[in-house]
Amino acid sequence: MILAIDTSTAACSAALFDSDGACIARRDERIGRGHAERLVPMVAELLAGRSAETILVGVGPGSFTGIRVGIAAAHGLAIGWGAELRGMSSLALLAAQAGGADEVAAAIDGGHGELFVQQFDGATLGPSGEAMTLPPAEAALLVTADLVVGPGARALVEARGRGEAREAWPAASDALKLPAGLRSLAARPVYGRAPDARARSAA
């Protein structure tokens with residue numbers, strides 16, 4: 001079985017797939033904060049005593065804390081089960097909700113008035129541009145997809161003055177829709193920008 005989890009946004013999402021790739025169980029909760037307290041119980045409820053041979057974990061970009069919680073939990077489970085661990089793009093998970101659009105842009109709030117944005121081919125979910133961290137006004141000049149999906153979609157569409165904003169959160173149940181390259185990443189955080197908290201320099 002395959003376990004997929006994503007905690008890169010205000011949502012906490014987990015899904016379990018059988019050997020044929022069918023999603024057999026899922027949990028999706030929009031919790032805001034508190035991923036560290038909710039994720040492991042959620043996964044335990046989902047598994048109901050089962051284990052997985054492969055774990056896919058969202059690596060961001062997105063919430064610094066959420067991403068770290070998800071990756072740490074995935075590493076712990078992988079060690080305990082002897083499972084293969086892979087990372088997946090949290091922005092691509094959002095793009096998977098495009099529903100057949102020719103092009104789709106994924107947008108997540110990045111803090112400091114910025115967005116994490118990336119454009120994808122709606123059919124293949126392959127990236128058609130690099131992931132960027134930009135204020136909405138600057139992102140509006142670069143993102144051409146009419147459909148924008150994600151927690152930051154409204155801010156981008158309003159700054160651009162056109163297009164469709166679809167508020168959504170990454171769903172782990174879409175993990176196997178991603179191209180292989182976007183669900184075979186290193187299980188390391190992709191922050192999008194430097195964390196706000198930095199270690200002090202030695203005196």
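We number each residue from 1, following the sequence as shown.
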Legend entry - Test log, rule side chain to side chain contact (heavy atoms under 4.5 Å, CB included), inputs R50 and I24: CA-CA 12 Å; R50 298 168 291 195; I24 56 175; 3.9 Å; yes
Inset, instruction - Might you work through the side chain to side chain contact (heavy atoms under 4.5 Å, CB included) test for L56 and L176, ending with a clear yes or no? - result: CA-CA 9 Å; L56 304 177; L176 299 192; 3.9 Å; yes
Legend entry - Donor-acceptor contact present, side-chain H35 to main-chain T9, <3.5 Å: yes
Legend entry - Side-chain donor/acceptor of R183 to backbone N/O of L178, under 3.5 Å: yes
Inset, instruction - For residues 136-156, pull every pair meeting side-chain hydrogen bond (donor to acceptor under 3.5 Å, both in side chains), keeping only residues two or more places apart or in separate chains. - result: Q119-T144
Legend entry - Flag, side chain of R160 to backbone of V143, donor-acceptor distance under 3.5 Å: yes
Legend entry - Partners meeting side chain to side chain donor-acceptor pair (under 3.5 Å) with D174 (sequence neighbours left out): K177
Inset, instruction - Determine, using the 4.5 Å side-chain heavy-atom cutoff (strictly less than), whether W81 and L39 are members of one ILVMFWY cluster. - result: yes
Inset, instruction - Return yes if some donor-acceptor pair links the side-chain N/O of R166 with the main-chain N/O of Q97 below 3.5 Å, else return no. - result: yes
Legend entry - Lys/Arg N to Asp/Glu carboxylate O, R86 vs E84, below 4.0 Å: yes
Inset, instruction - Under the side chain to side chain contact (heavy atoms under 4.5 Å, CB included) rule, what do L182 and L125 come out as? Steps first, then yes or no, please. - result: CA-CA 9 Å; L182 294 182; L125 297 182; 5.6 Å; no
Legend entry - Atom CG of D18 with >12 non-hydrogen neighbours under 6.0 angstrom: yes
Legend entry - side-chain hydrogen bond (donor to acceptor under 3.5 Å, both in side chains) partner of D6, the single match among S90, S173, S13: S90
